[in-house]
Every structure is written in C-alpha cells, then in structure tokens.
Student: 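Below is the structure I would like to discuss, written out as structure tokens.
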Amino acid sequence: MPVSDRMLFAVSDLHVDHPENRTVVDDLRPRSEGDWLVVCGDVADSPDDVEWALRVLRERFERVIWTPGNHELLAGQDDPPQLRGEQRYLHLVERCRRIGVTTPEDPFPIWDGQGGPAQIAPLFLLYDYSFGRNVAATKEEALKRAYDAGVVCVDEFLLHPDPYPSRQDWCRVRVKEAERRLATSDPGLPMVLINHFPLLDEPTRVLRHPEFAQWCGTVRTADWHRRFRAAAVVYGHLHIPRTTWHDGVRFEEVSLGYPRERRHRRRRFAPRRILPEVGLA
C-alpha cells in the first residue's frame, strides 16, 4: 500500500461493558488496509472484554497501540491477587502481546506514513491528585470537597496500587520511567504522546464537576509536549471529545464515552485522525 494512503487514528474510553458501545466497536473499520489505531485506555473493566475489543480491532487495523486507563485496572473483591495493581497491568500487557497489540512496555513504533516519520509513544502514567489544585490547596482538602459533593472516582475503592504504598507512589515510578525513555528517544523525530489522562490540567477546566480533576493526571507532565517534540498529544478519560492547542501543540481528546453521554452529541462517533493532521492530507 502507498505510504501516502495510510492514516493514524485514535479512540479512547470504549467501555465495551455497555452493549451499545460493544456494537460501536464491532462496527469500527479502517479507511484503508494500512491504517493504524491508537486506543487510549478504558477499553473495559474485565481483562476478557479488553482482549475481545483489542483482538477485533487488531484483526482490522495494520497496527493497534494500547495504553491502559483506570478502568482496566479496577479489581473487585473477588479478583485474585495477581489481578490487582501492577500485576493486573502486566497481565494485560501479556494478553496484548499475544494478539499483536503494542503496549507502553514495548519499543516506540515509528509511523512512516503521511505526516511522519514520527515516534508513537504510548504512556502509562496514572495520577497523583495534583490536579486537585483546581479546587483546593491540599490533597486532603480536595478529597474532602469531592466527598462532600458526591463526586468521587471509583478508583478510590477498586484501583489498588499493589505493590506500591499508594497510587501517587505508583504514578511517581511510572512518570520517572516514561521520562527516561522519552529523553533517550531519537531526538531527530517528533513524537505523538499517548496517555489515558491529559498531560496538563487545562483540559480539566471544562469538567462539570471540577472536583473530579484530581483523578485526571499529574502536574509532573505539564511541559512534556514542549520537552519531547510533540507533534500531537492524544488522550481520553474526560469523555469530552475535542481538539485544543497548547503552546502550539495539538491535543486530541478522543473518547467514545458512555451511551448516555453520546445521546447529547451532534456528531456520530468516529475515530479521530491524528496523522496526517486534518487539512494536510
């Protein structure tokens, strides 16, 4: 296939636990046989559903690149220890590798289609409550305001940080490792940075409930789009699909979201084209 015909697309927050969303995923098709697809997390809550969705997409797209959201990491009381915390994440990584899906633990692939070459960097960074500065000066006060408002992320009950003492500690480790890899990547190539959570807190300012921002990222990544030559930053989690620009860099929120949310949207859902940039094809 001619390189000029290939495109890089992205989706997020497929939540195929919902039958309507499962139908949407079952209907997703590439525009050409050489297209790649980025999947920015929250595919499903159960590992089996995550694998089903990624397998379906991998059978259709030339390459699928996945990074986890918080929902992939949720573990109920009946889940065994090996499906909690870091072990749950590594379990999902192994499932992805078996079906040929690229993960944050794999070498960054090089996009050589139109708009490239560019390194595609899937990141798994979590959050450290620092976006809570939008509503309070300390984590404790921000959490109290969230509980008082009845706006508490399910992670507080089901996202276990094992073996780390806290989600903040796990986040710190993930950020440090990702930063090392990005800093040692090819300096001659631009990057497409992919993460479930936004890399800076400005996008969270449009949340209906500002208290939720504290579960949406870390201020440690606020300059990564400048430091690491970002051609684009792709994320989900907010369920507010839109394009914004920060320091001249394009940020794409690409969520499908829940069925009840889509009923209020004017446009029919479709994967967002990341490369080549719209208008440059």
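Quantities reported herein were computed from a predicted structural model and do not represent experimental measurements.
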Student: Going by heavy atoms in the side chains, are Leu200 and His246 under 4.5 Å from each other?
Tutor: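 Touching, per the 4.5 Å side-chain cut-off.
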Student: Quickly, which of Asp49, Asp27, Asp17 forms a salt bridge (charged side-chain N to carboxylate O under 4.0 Å, His left out) with Arg22? Name it, please.
Tutor: Asp49
Student: Are Arg6 and Gln114 packed together at the side-chain level, in the sense that at least one heavy-atom pair is separated by less than 4.5 angstrom?
Tutor: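 Answer no - side chains too far apart.
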Student: Would you say the rings of Tyr258 and His18 are close, in the sense that their centroids are separated by under 6.0 Å?
Tutor: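 Yes, they do, as the ring centres are separated by less than 6.0 Å.
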Student: In Å, rounded to the nearest 0.5 Å, how long is the span from SG of Cys216 to CG of Asn134?
Tutor: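 Result: 9.5 Å between the selected atoms.
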Student: To the nearest 0.5 Å, tell me how far Glu86 CD sits from Asp162 CG.
Tutor: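 Reported value, rounded in 0.5 Å steps: 9.5 Å.
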Student: Return yes if some donor-acceptor pair links the side-chain N/O of Thr221 with the main-chain N/O of Leu199 below 3.5 Å, else return no.
Tutor: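 Yes; at least one donor-acceptor contact below 3.5 Å.
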Student: Name the one of His239, Arg262, Arg242 that satisfies side-chain contact (heavy atoms from CB on, under 4.5 Å) with Ser255?
Tutor: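 The single option meeting the side-chain contact (heavy atoms from CB on, under 4.5 Å) with Ser255 is His239.
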Student: Could you check whether any side-chain heavy atom of Asn70 comes within less than 4.5 Å of a side-chain heavy atom of Phe197, counting everything from C-beta outward?
Tutor: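 With C-beta onward as the side chain, the pair touches.
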Student: Within 45° of the ring axis of Phe108 and under 6.0 Å from its six-membered ring centre, is that where the NZ or CZ of Arg181 lies?
Tutor: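 Flagged: Arg181 positioned over aromatic ring of Phe108.
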Student: Between His160 (side chain) and Arg84 (backbone), is there a donor-acceptor pair under 3.5 Å?
Tutor: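 Absent.
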Student: Do side-chain atoms of Arg226 reach the backbone of Asp247 as a donor and acceptor pair under 3.5 angstrom?
Tutor: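 Not at all, since once roles are kept as given, no pair shorter than 3.5 Å links the two residues.
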Student: If only atom types and distance count, is the side chain of Arg167 paired as donor or acceptor with the main-chain N or O of Asp155 below 3.5 Å?
Tutor: yes
Student: About how many Å separate CD of Glu94 and CD1 of Ile99, when rounded to the nearest 0.5 Å?
Tutor: 12.0 Å
Student: Donor-acceptor pair, distance only, cut-off 3.5 Å: does the side chain of Gln119 make one with the backbone of Asp186?
Tutor: yes
Student: After noting the C-alpha distance and the side-chain angles of Thr218 and Asp128, does the key distance pass the side chain to side chain donor-acceptor pair (under 3.5 Å) rule?
Tutor: CA-CA 6 Å; Thr218 171; Asp128 60 6; 2.7 Å; yes
Student: For the residue pair Phe251 and Trp245, establish whether any side-chain heavy-atom pair is separated by less than 4.5 Å.
Tutor: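 Phe251 does not reach Trp245 side chain to side chain.
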Student: CZ of Arg208: more than 12 outside heavy atoms within 6.0 angstrom?
Tutor: no
Student: Hey, does the side chain of Thr204 reach the backbone of Ala213 with a donor-acceptor pair shorter than 3.5 angstrom?
Tutor: no
Student: Checking side chain to side chain contact (heavy atoms under 4.5 Å, CB included) for the pair Cys96/Leu54: CA distance, chi angles, key distance, verdict?
Tutor: CA-CA 8 Å; Cys96 285; Leu54 293 178; 3.6 Å; yes
Student: Indicate yes or no for a side-chain donor-acceptor contact from Glu72 to the backbone of Gly69 under 3.5 Å, with no hydrogens or angles considered.
Tutor: yes
Student: Is it true that Tyr127 and His237 have ring centroids separated by less than 6.0 Å?
Tutor: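 No, the ring of Tyr127 stays outside the 6.0 Å limit from the ring of His237, centre to centre.
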Student: Measure the spacing between CG of Leu182 and CG of Leu123 and express it to the nearest 0.5 Å.
Tutor: 5.5 Å
Student: If two hydrophobic side chains count as joined below 4.5 Å and joins carry through other members, does Trp215 share a cluster with Val154?
Tutor: yes
Student: State, with a plain yes or no, whether a side-chain heavy atom of Pro241 is found less than 4.5 Å away from one of Phe269.
Tutor: no
Student: Do any pairs count as a ring-ring contact (aromatic ring centres under 6.0 Å, His included) and have a residue in residues 47-79, sequence neighbours left out, and if so which ones?
Tutor: His15-His71
Student: Do the side chains of Arg63 and Asp35 get close enough for a salt bridge, i.e. N-O under 4.0 angstrom?
Tutor: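 No.
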Student: Tell me if a side-chain donor or acceptor on Arg29 pairs with a main-chain N or O of Asp26 at a distance below 3.5 Å.
Tutor: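 Yes; at least one donor-acceptor contact below 3.5 Å.
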Student: Can you tell me how far the OH atom of Tyr129 sits from the OG atom of Ser166, to the nearest 0.5 Å?
Tutor: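 Tyr129 OH to Ser166 OG: 8.0 Å, rounded to 0.5 Å.
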Student: Angle class for the Tyr89/Phe124 ring planes (parallel below 30°, perpendicular above 60°, tilted otherwise)?
Tutor: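 Plane angle between 30° and 60°, so tilted.
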Student: When you measure from the side chain of Arg145 to the backbone N and O of Val135, does any donor-acceptor pair fall under 3.5 Å?
Tutor: yes
Student: Taking the side chain as every heavy atom from C-beta outward, state whether His91 and Pro47 have any pair of such atoms under 4.5 Å apart.
Tutor: yes
Student: When you check the gap from the basic side-chain N to the acidic O, do Arg95 and Asp48 get nearer than 4.0 Å?
Tutor: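 Yes, Arg95 and Asp48 are salt-bridged.
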Student: When you measure from the side chain of Asn21 to the backbone of Leu14, do you find a donor-acceptor pair of N or O atoms at a distance under 3.5 Å?
Tutor: yes
